[in-house]
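Just so we're on the same page: letters track the sequence lines, and every chain starts at 1.
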Amino acid sequence: MSNPNSPRVRFAPSPTGFLHVGGARTALFNWLYARSQGGAFVLRIEDTDQERSTEESYAAILRGMQWLGMDWDEGPHRGGDFGPYLQSERLDIYRKHLETLAEGGHAYKCFCSADDLEARQEEIEADEGTWAGYDGQCRHLTTEEIAAQEAAGTPFAWRLRTPDEGSTFWYDIVLDKLEFQNELMVDRVIFKADGFPTYQFAVVVDDHDMGITHVLRGDDHVSNTPFQLMIYNAMEWKAPKFGHMPMILGPDKKRLSKRHGATSVEEFQTQGILPAAMTNYLALLGWSPGGNADEVMTRDAIIKKFSLKKINSSPAAFDYDKLAHINSEHIKRLSAEERLELAKPIIARDNWALDTDWLIHGVDDTESYLNRVLGILGNRFSNLVTLANHIGFFFTEEHFVDAEAWKEHVTPEAARATLVTLAKAIETGMDLDVAQPASAFEEVIRSTAEEMGVKAGELIHPSRVALTGQSRSAGIFEVMELVGARRTVARLKNAANS
RNA sequence: GUCCCCAUCGUCUAGUGGUUAGGACACCGCCCUUUCACGGCGGCAACACGGGUUCGAUCCCCGUUGGGGAUGCCA
């Protein structure tokens with residue numbers, strides 16, 4: 001589908017944790033760019049850290065991507081012309097390119113151990129100096145010295161010989177011109193002593209070899225970019241365009257972390273957030289459709305409007321309230337059929353089903369029952385997880401009960417008496433062997449209230465809690481219709497006796 | 001410490017060298033109403049500070065302050 005001129009972008013997570021919102025946002029912007037330009041979206045796994053990479057993380061990241069609907073054109077389980085897409089399977093490629101660098105004199109062996117470096121740093125700092133990073137000790141080793149170290153079997157890493165003068169700069173898609181003085185750059189390691197390339201080297205090799213045209217990543221990579229540019233230069237490769245997006249902060253403007261609440265994408269899934277809503281909200285963090293345009297958008301609408309030029313350069317704070325709002329808006333805009341599909345797994349999970357003995361007016365199977373339940377629920381359905389509390393009492397006596405509401409509306413003597421009176425009125429005024437419509441319940445309640453000389457609300461509020469266990473619900477007459485006359489009477493009596 | 005980035009309502013943001021600085025979330029009030037939610041109406045609330053440039057700066061430049069990032073043989 002992609003032509004030679006279309007962009008190729010990638011998301012390159014390291015499998016050292018779950019897919020968190022920051023990573024998901026980065027992935028999303030890349031994905032949106034690819035989809036909006038007819039380009040290719042590549043998923044590459046950067047698992048060059050043998051210590052921290054795990055299979056679980058790898059699987060979790062893939063799950064997160066799939067849940068959010070970010071399909072990749074090339075990558076794990078999908079293949080592609082530029083594979084393999086796991087860096088741990090590309091070691092030969094990195095070694096080959098390292099050789100090129102070594103031959104050109106751009107890379108050199110460094111025999112300094114971590115302890116050596118630490119000792120030198122301490123020495124300098126003890127003398128009030130500042131350690132600015134690797135000091136270039138092995139830069140000028142003679143062939144004899146190198147031979148001696150190798151003969152002694154000293155482990156070594158490879159470092160890039162970086163330019164000492166001038167500056168390295170690029171025009172960032174988001175941040176515009178960025179420039180760094182070369183003299184401040186140290187010769188960082190590109191190949192570790194364990195035989196694996198460092199991120200700095202692998203990312204450059206892969207982005208080049210995979211034909212990546214645009215690198216969109218978090219701005220925590222800004223200071224890595226000049227070094228990577230130096231690798232491109234040493235390899236005599238053309239560098240891709242870079243775009244650094246600001247990071248996502250917590251509500252307190254501090255770096256987003258677990259203490260702020262959910263940070264992994266899968267946590268939001270378990271909190272009942274719709275993937276489309278999560279995608280929508282993430283897109284709004286650092287990007288905007290502009291002006292007074294509707295913020296609530298489907299994936300397709302976002303793709304249509306997406307533009308790199310509109311990416312914000314200032315960091316955004318994650319707002320859980322707004323996410324909840326976007327989520328409810330998405331649910332609100334769903335058709336009855338779509339809502340039904342979302343709700344089905346919830347009742348299936350607890351084996352909730354219609355019992356024909358309930359004698360529900362106009363309902364003959366579980367699906368049509370659920371459909372009616374969702375119908376009277378209306379816009380109170382705003383989250384997949386809280387939905388269970390809103391509909392449980394229609395299916396089971398073991399439903400959620402709000403203790404506070406019960407204490408306030410059911411426990412008082414007067415309330416109990418009222419419930420008994422109403423239960424009797426329903427028993428005598430209605431045929432319990434026939435399914436009854438909401439209007440019939442309304443009639444009984446209103447006339448009973450009149451006979452008692454009280455407002456209908458006096459009966460309605462305790463009834464609501466007695467039937468639903470909660471002080472908030474859909475219209476009580478409709479609730480009674482769908483709970484059925486028999487169970488309604490039973491619950492009113494049970495509540496009065498509780 | 002050094003280097004880099006950022007700065008419009010509490011939050012996400014739109015926006016322009018001259019605007020009543022717009023929208024959304026949250027919050028408050030009113031309406032609707034059997035509760036809640038929805039919906040409708042209204043309200044509160046911002047250009048961080050100090051210098052320039054300019055006839056005029058929220059917008060351009062510099063500085064300060066604040067926040068963030070980097071400074072790893074992590075990615």
Side-chain angles (χ1 to χ4, degrees), chain A residues 12-17 46-49 51-53 87 110 112-114 117 125 128-134 155-159 172 174-175 178-181 184-186 188-194 196-200 202-203 217-226 244 246-247 249 251 253-255 281 284-296 310 312-326 328-329 332 377-382 390 405 409 442 445-446 449 455-461 463-465 468 470-477 479:
Chain A
S14 60
T16 54
E46 310 218 323
D47 57 347
T48 53
D49 185 338
E51 309 267 298
R52 301 197 305 151
S53 297
Q87 292 188 329
C110 173
C112 301
S113 68
L117 296 174
E125 284 170 357
E128 306 260 301
T130 306
W131 173 259
Y134 181 66
F156 62 88
W158 288 88
R159 288 183 184 273
D172 196 273
V174 179
L175 303 172
L178 258 21
E179 181 170 19
F180 289 73
Q181 294 307 310
L184 264 16
M185 308 285 290
V186 303
R188 304 179 67 165
V189 169
I190 53 176
F191 237 86
K192 299 182 268 187
D194 67 0
F196 276 66
T198 59
Y199 156 74
Q200 304 289 164
V203 74
R217 44 159 47 163
D219 74 5
D220 48 333
H221 284 293
V222 165
S223 51
N224 290 146
T225 308
H244 291 92
M247 315 205 68
L249 308 176
K253 290 283 195 174
K254 299 287 182 192
R255 191 189 181 118
Y281 179 67
L284 258 18
L285 246 30
W287 175 81
S288 147
N292 295 342
D294 192 355
E295 294 183 320
V296 181
K310 301 224 67 169
N312 231 85
S313 57
S314 55
F318 196 92
D319 184 349
Y320 292 89
D321 285 336
K322 182 117 183 198
L323 205 213
H325 170 257
I326 297 285
S328 66
E329 286 297 321
K332 203 178 293 174
L377 196 58
N379 288 329
R380 274 162 283 245
F381 178 7
S382 65
H390 289 308
H409 296 287
E442 175 161 15
I445 288 182
R446 293 206 185 280
K455 286 188 190 170
E458 296 287 319
L459 306 197
I460 287 170
H461 298 309
S463 299
R464 185 190 312 284
V465 180
T468 72
Q470 298 156 72
S471 58
R472 323 160 156 193
S473 77
I476 192 65
F477 311 125
V479 167

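Within 3.5 Å, a donor on the side chain of A:N224 pairs with an acceptor on the base of B:rA75, or the reverse. Side-chain to base pairing of A:K322 with B:rA24: one donor and one acceptor N or O lie within less than 3.5 Å of each other.
A search for ring-ring contact (aromatic ring centres under 6.0 Å, His included) contacts involving A:F318 returns A:F268, A:Y281, A:Y320, not counting sequence neighbours. Listed by chain and number, the residues in a ring-ring contact (aromatic ring centres under 6.0 Å, His included) with A:Y199 are A:H221 (sequence neighbours excluded).
Spacing between B:rU53 and B:rC3 at atom C1', rounded to whole Å, works out to 29 Å. Comparing B:rC28 with B:rU34, their C1' atoms are spaced 25 Å from each other, to the whole Å. Comparing B:rC74 with B:rU16, their C1' atoms are spaced 44 Å from each other, to the whole Å. Annotation: B:rU58 and B:rA46 have their P atoms spaced 15 Å apart (nearest Å). B:rG15 sits 15 Å from B:rA24 when the C1' atoms are compared, rounded to a whole Å. Rounded to whole Å, the P atom of B:rC61 lies 25 Å from the corresponding atom of B:rG22.
Checking B:rU58 for Watson-Crick or G-U wobble geometry (two distances, each under 3.5 Å) identifies no partner in any strand. Base pairing analysis places B:rU16 opposite nothing; no Watson-Crick or G-U wobble pair with both distances below 3.5 Å involves it.
Side-chain proximity of A:S314 to B:rG23, B:rA7, B:rG39: nearest is B:rA7.
Heavy atoms of A:I476 sit under 4.0 angstrom from at least one base atom. Among the atoms of the strands shown, only primed sugar atoms or phosphate atoms (P, OP1, OP2) are found under 4.0 Å from some heavy atom of A:T48.
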